[in-house]
Each structure stands twice: as structure tokens, then as C-alpha cells.
Amino acid sequence: MTPSSQGSGAPAPCALLVVGIGELATPRGDGPLGGAALGRVDRARGQAVACDGDRILAVGPEPELRARFAANEVLDASGGLVIPGLVDAHTHPVFLGTREGEFEQRIAGRSYVEIAAAGGGIRSSLRGVRGADEAALVAALLPRLDRFLALGTTTIEAKTGYGLTVADELKGLDVIAKADRHHAVDLVATCLGGHDVPPEFEGRASDWVEVVAKELWPAAASKATFADVFTESHVFGLDDSRRLMESARDVGLELRMHVDQLTALGGAQLAAELGARSADHLEHVTPEGIRALAERGVQPVLCPLVPLYLGESQEAPARAMVDAGLAPALSTDFNPGSCYCMSLFEVMSWGALRYGFSADEALTAATLNAAASLGLGSDRGSIEPGKRADLVITDLTSAAHLTYELGRSPVRAVVKDGRVAWRG
Ligand code: NIG
Ligand code: FE
């Protein structure tokens with residue numbers, strides 16, 4: 001008997017049956033969903049989800065699934081909302097030490113670029129990573145993954161970028177691989193060799209660009225899925241960024257890019273020209289930049305907490321992007337400098353408050369669209385048979401509460417790869 005067969009006969013075995021679901025809310029398909037489809041979320045009551053191995057076997061009315069399956073374990077959602085495991089498509093979690101002093105300076109009026117020019121910012125995190133061995137960095141990363149999981153995030157894109165020597169960047173990628181093996185949360189590795197100009201290369205950014213192009217990317221290609229660059233006039237301009245990204249593509253790395261975050265440099269147009277998987281930040285993107293992204297189907301990865309955190313007034317024009325048909329992801333940009341927050345629930349709320357996203361739009365952006373931006377849309381990001389069994393059980397009564405409530409985690413339990421990986 002196959003698990004999908006119905007009617008008479010003995011119930012099929014399955015590892016986990018999630019019952020007692022109030023509302024089940026999920027986007028559908030492989031995504032990414034752009035334009036009007038961004039808000040196309042299925043909401044249904046009285047559903048159950050059967051899981052086996054790391055996959056979703058069936059989704060349907062609870063009485064039907066109870067009859068069809070004999071489950072080893074039954075998880076009662078106690079009437080709560082169930083959504084897909086959240087996917088954070090932009091994080092910088094490999095670092096040692098925090099930078100709360102810079103936060104205080106910004107509150108007192110100094111800008112992110114001023115602090116960076118005075119030796120703070122990304123460079124202050126370099127000291128921690130360069131001085132630490134792999135074990136120390138893994139030990140710092142694992143508790144962060146615990147927190148991501150407790151907040152309902154089951155997959156993160158994880159960037160290096162605080163090493164900025166060839167050896168320290170490769171060490172960062174090894175840290176990500178080790179943490180991925182040892183933790184339920186899945187990590188997708190990005191080598192951010194273009195995060196900043198290392199102090200040793202001060203005034204010679206193009207020399208570092210050549211080191212990255214000729215030495216780092218070839219060595220990173222077997223350890224990372226993506227390469228990334230901070231395209232900004234005080235870091236890597238358009239020519240250096242193009243050289244970095246073309247050389248990464250040449251060795252088989254896919255591209256994500258930090259663009260138009262602090263100024264309208266035209267990074268979005270470059271990301272489109274290069275066929276990047278994602279163009280991230282985009283607070284200062286121009287209408288031409290939006291058009292270029294739309295023409296090439298590049299996904300925006302939006303980080304609404306970052307301008308808030310940096311004291312910058314300019315928001316990403318998210319609604320204009322959606323109106324142009326783009327399929328945004330929402331992410332934390334978790335890092336020690338410009339956003340020390342791991343909660344995608346918080347980010348969804350700010351997506352509503354700052355961009356005018358509906359709860360359904362925010363949910364798609366933090367699940368299926370984020371997964372699609374990582375090339376994983378056919379594997380995860382929605383609750384459908386055949387997809388990876390990553391689910392968040394909340395204590396919310398409906399998806400409308402996803403963006404409505406601030407400052408408290410609604411997560412009751414998290415299912416990762418078909419197993420209950422976290423319980424509140
Ligand atoms: O995404 N834009 C550059 N990188 C990070 C900030 C990193 C840091 O300040 O440590 C970002 O905002
Ligand atoms: Fe970032």
C-alpha cells in the first residue's frame with residue numbers, strides 16, 4: 001500500500017503526524033512568487049500534516065489523515081497556526097564578539113560609514129575571526145543556530161566575510177560546513193570575499209580583488225554555493241565588483257550581491273547584467289535598477305531592520321519592486337554591526353510596517369521566495385507533499401497575526417527534516 005492510497009486497508013506507517021492545527025498557511029509551488037502572486041497564500045483550517053523521513057507525505061483534513069496513517073509520533077499544535085519553516089536568505093553569522101559600542105555611537109549620531117572609516121565596522125570583526133581557530137568559531141556559531149531554530153528559522157544562508165585573507169575566508173567556510181553537519185538548521189554557504197578591503201590592502205582595493213579572483217574563489221568553489229560582494233563606493237565600486245563577480249562565476253559560484261544599500265551606485269543594474277541570484281538591500285535602488293532586475297528575474301532580498309538599525313531614513317521601495325513583478329525575500333541580515341536580530345517574525349512585522357506588505361506577502365517572502373533565492377524552491381519553503389518536512393507550530397490563531405504582534409516569539413515547536421527539533 002502506498003502512503004497516498006486511501007480507503008480500506010491498514011493505515012500506512014509514518015514517522016510524524018501533526019494534528020490539532022488551527023490554521024495552516026502556506027504559499028504553493030516552487031516559486032519565486034512575484035507581483036500579485038506574492039500574496040497568494042493558502043489558508044485552511046482543520047488540516048493535518050503527515051511526515052516521513054525528511055519529507056512531507058500528505059496534507060489534508062485531519063480525520064482523513066488520521067485514518068490513512070499510523071504515526072510513530074503525534075504532535076498536537078493545540079489549535080495554533082502552522083507555517084513552513086522560515087528561510088533566512090541573508091545572514092553573516094560567523095564572527096566572534098559583538099559591537100554594541102558602535103550601536104551606542106550610532107544612537108549618539110555617528111554614521112555607519114564614519115565608524116567604519118575610524119577602524120570600526122567590518123574591520124573590527126576581522127580581528128575576532130582572524131584570531132580564532134575553527135573550533136572557537138563553531139562554538140560561537142552553534143548557539144546562534146539554536147536561537148534561529150527557536151525563532152522558527154530552519155534554513156539560513158550564511159556568509160563569511162570577517163576573515164578577508166584567503167586562509168581566514170576558507171576557515172569561515174569550513175566553520176559553516178561543520179555547523180551544518182552538527183545542527184538541525186541547514187546552512188547554505190556564501191563566500192563574502194568582497195565584504196571589505198582588508199586593512200593590509202588599504203588604498204589598493206584592486207590588489208585584493210585580484211587575490212580574491214585568482215586565489216580565493218577557486219579554492220572556495222568546492223566549499224560554497226555563492227559568492228558575494230559589498231558594492232558601495234567606499235568599498236568596491238562597479239568595476240571592482242564586476243571583476244569579483246565575473247571571476248566567481250567563472251569558477252562555478254552563483255552570485256548574490258549587496259547593492260544600492262547606502263547610495264544609488266547602480267549595483268542593481270550590475271546584478272542584473274551579471275545574472276545574480278539575488279540583489280540584496282536596495283534601499284537606494286532607482287527605477288532603472290528595478291526595471292533591470294525585473295528584466296532578468298533577479299530576486300530582491302530585503303532587510304527592513306537594517307536602515308532602522310543604522311539610523312538611515314531611506315527605505316527600500318519594496319512596493320514598487322512588487323508592482324514591477326519582482327519576487328522579494330525578507331531577511332534579517334543578522335550580523336554584529338548593522339542588525340543584531342535573528343527573528344524573521346520581527347522582520348515580517350517590519351516588512352508590513354515599512355513596506356506595506358500584507359501578512360500573506362510577508363509569509364511568502366520569508367519562506368518560499370527566500371528558498372527560491374537560494375535555489376531551493378523545489379525542496380522547501382511551502383507545506384506540500386514531497387517538500388522537506390520543515391514546519392513551525394505557533395500559538396497564533398491565524399496568519400493575520402504573523403505581522404500584527406511585535407516583540408514576542410509565537411513559536412511553540414519546530415519540525416525540521418520530519419523530526420521535532422525544538423519545543424517551547
Ligand atoms: O549587510 N553591508 C555590509 N555588510 C553587512 C554589515 C556588516 C557589518 O557591519 O559587520 C550588512 O549590512
Ligand atoms: Fe549583509
Side-chain angles (χ1 to χ4, degrees), residues 88-106 110-130 140 144 156-164 168-169 172 188-199 226-237 240-241 244 255-263 265 267-268 271 276-285 300-312 314-316 329-342 344 347 350 370 373-374:
D88 199 335
H90 184 140
T91 82
H92 306 245
V94 185
F95 60 86
L96 217 61
T98 47
R99 290 172 17 212
E100 58 282 0
E102 293 179 10
F103 183 87
E104 293 282 305
Q105 290 178 44
R106 278 201 306 280
R110 280 186 100 191
S111 78
Y112 183 75
V113 174
E114 279 167 5
I115 293 168
I122 293 166
R123 286 187 184 183
S124 66
S125 290
L126 288 190
R127 294 185 276 277
V129 166
R130 290 180 176 184
R144 291 176 193 142
I156 65 168
E157 181 261 11
K159 302 177 197 291
T160 61
Y162 294 120
L164 300 186
D168 288 307
E169 284 298 298
V188 178
T190 294
C191 187
L192 180 45
H195 202 189
D196 200 355
V197 180
F226 294 99
D228 196 346
V229 61
F230 190 7
T231 300
E232 201 65 53
S233 51
H234 78 285
V235 196
F236 299 102
D240 281 338
S241 296
L244 282 169
L255 312 181
R256 316 183 80 73
M257 297 176 69
H258 289 69
V259 290
D260 299 333
Q261 179 185 356
L262 303 170
T263 56
L265 198 63
R277 267 273 182 191
S278 71
D280 301 39
H281 290 287
L282 296 166
E283 283 80 0
H284 291 265
V285 71
V301 174
L302 304 177
C303 315
L305 290 179
V306 173
L308 176 72
Y309 214 85
L310 293 183
E312 305 272 345
Q314 178 105 1
E315 292 300 336
L330 280 172
S331 75
T332 59
D333 191 19
F334 170 66
N335 74 76
S338 65
C339 189
Y340 199 65
C341 174
M342 288 176 233
L344 276 172
V347 170
W350 285 95
S373 86
L374 299 173

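Both ligands and their constituent atoms are indexed starting at 1 by order of listing. Remember, it's a predicted structure, so these values are computed and weren't measured experimentally. Any value given below was found using the heavy atoms of this structure, including those in side chains, with hydrogens, waters and symmetry copies removed.
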> Which of the numbered atoms in ligand 1 are below 4.0 angstrom from a heavy atom of Tyr162?
Replying inline: 7 (C), 8 (C), 10 (O)
> Quick one: which of Asp228, Thr231, Val229 gives a side chain to side chain contact (heavy atoms under 4.5 Å, CB included) with His258?
Replying inline: Asp228
> In ligand 1, which numbered atoms sit nearer than 4.0 Å to a non-hydrogen atom of His281?
Replying inline: 1 (O), 11 (C), 12 (O)
> Of the protein's non-hydrogen atoms, which lies at the shortest distance from atom 12 (O) of ligand 1, and what is that distance?
Replying inline: Ser338 OG, 2.5 Å
>> Please determine whether ring pair (Phe, Tyr, Trp, His ring centres under 6.0 Å) holds for the pair Tyr309 and Phe103, giving the CA-CA distance in whole Å, both sets of side-chain angles, and the decisive distance to 0.1 Å.
In response: CA-CA 8 Å; Tyr309 214 85; Phe103 183 87; 5.0 Å; yes
>> Please verify the inter-ring angle class for Phe95 with Tyr162; under 30° counts as parallel, over 60° as perpendicular, anything in between as tilted.
In response: perpendicular
>> When you measure from the Fe ion (ligand 2) to the N, O or S atoms of Cys303, does any of those distances fall below 2.8 Å?
In response: no
> Between atom CG of Leu302 and atom CD of Glu315, what is the distance when rounded to the nearest 0.5 Å?
Replying inline: 10.0 Å
> Relative to the heavy atoms of His258, which atoms of ligand 1 are at a distance of less than 4.0 Å?
Replying inline: 1 (O), 2 (N), 3 (C)
> For atom 2 (N) of ligand 1, which protein heavy atom lies nearest, and how many Å away is it?
Replying inline: Gln261 OE1, 3.1 Å
> Hey, which atoms in ligand 1 end up nearer than 4.0 Å to a heavy atom of Tyr112?
Replying inline: 6 (C), 7 (C), 8 (C), 9 (O)
> Does NZ or CZ of Arg99 fall inside the cone over Tyr340's six-membered ring, less than 6.0 Å from its centre and within 45° of the axis?
Replying inline: no
>> Out of all atoms in ligand 1, which are within 4.0 Å of some heavy atom of Asp333? Include the element for each.
In response: 1 (O), 11 (C), 12 (O)
>> Could you tell me, atom by atom, which parts of ligand 1 come under 4.0 Å of a heavy atom of His195?
In response: 3 (C), 4 (N), 5 (C), 7 (C)
>> Closer than 2.8 Å to the Fe ion (ligand 2): does that hold for any N, O or S atom in His92?
In response: yes
>> Quick check against the 3.5 Å criterion: does Glu232 have a side-chain atom that pairs as donor or acceptor with the backbone of Leu262?
In response: yes
> Does any non-hydrogen side-chain atom of Arg256 lie less than 4.5 Å from one of Leu374?
Replying inline: yes
>> Looking only at the side chains, is there a donor atom on one of His281 and Asp260 sitting less than 3.5 Å from an acceptor on the other?
In response: no
> Near His90, which atoms of ligand 1 are under 4.0 Å from a heavy atom of that residue?
Replying inline: 1 (O)
> Do any nitrogen or oxygen atoms of Ser125 come within less than 3.5 Å of a nitrogen or oxygen of ligand 1?
Replying inline: no
> So which N/O/S atom does Asp333 have closest to the Fe ion (ligand 2)?
Replying inline: OD1
> Any idea which part of Glu232 is under 4.0 Å from ligand 1, heavy-atom wise: side chain, backbone, both or neither?
Replying inline: neither
> By number and element, which atoms of ligand 1 are closer than 4.0 Å to a non-hydrogen atom of Ile122?
Replying inline: 7 (C), 8 (C), 9 (O), 10 (O)
>> Just to verify, which of Lys159, Gln261, His90 counts as forming a side-chain hydrogen bond (donor to acceptor under 3.5 Å, both in side chains) with Asp333?
In response: His90
>> I'd like the atom name of the N/O/S atom in His258 lying closest to the Fe ion (ligand 2).
In response: NE2
>> Just to verify, which of Leu310, Val347, Leu305 counts as forming a side chain to side chain contact (heavy atoms under 4.5 Å, CB included) with Cys339?
In response: Leu305
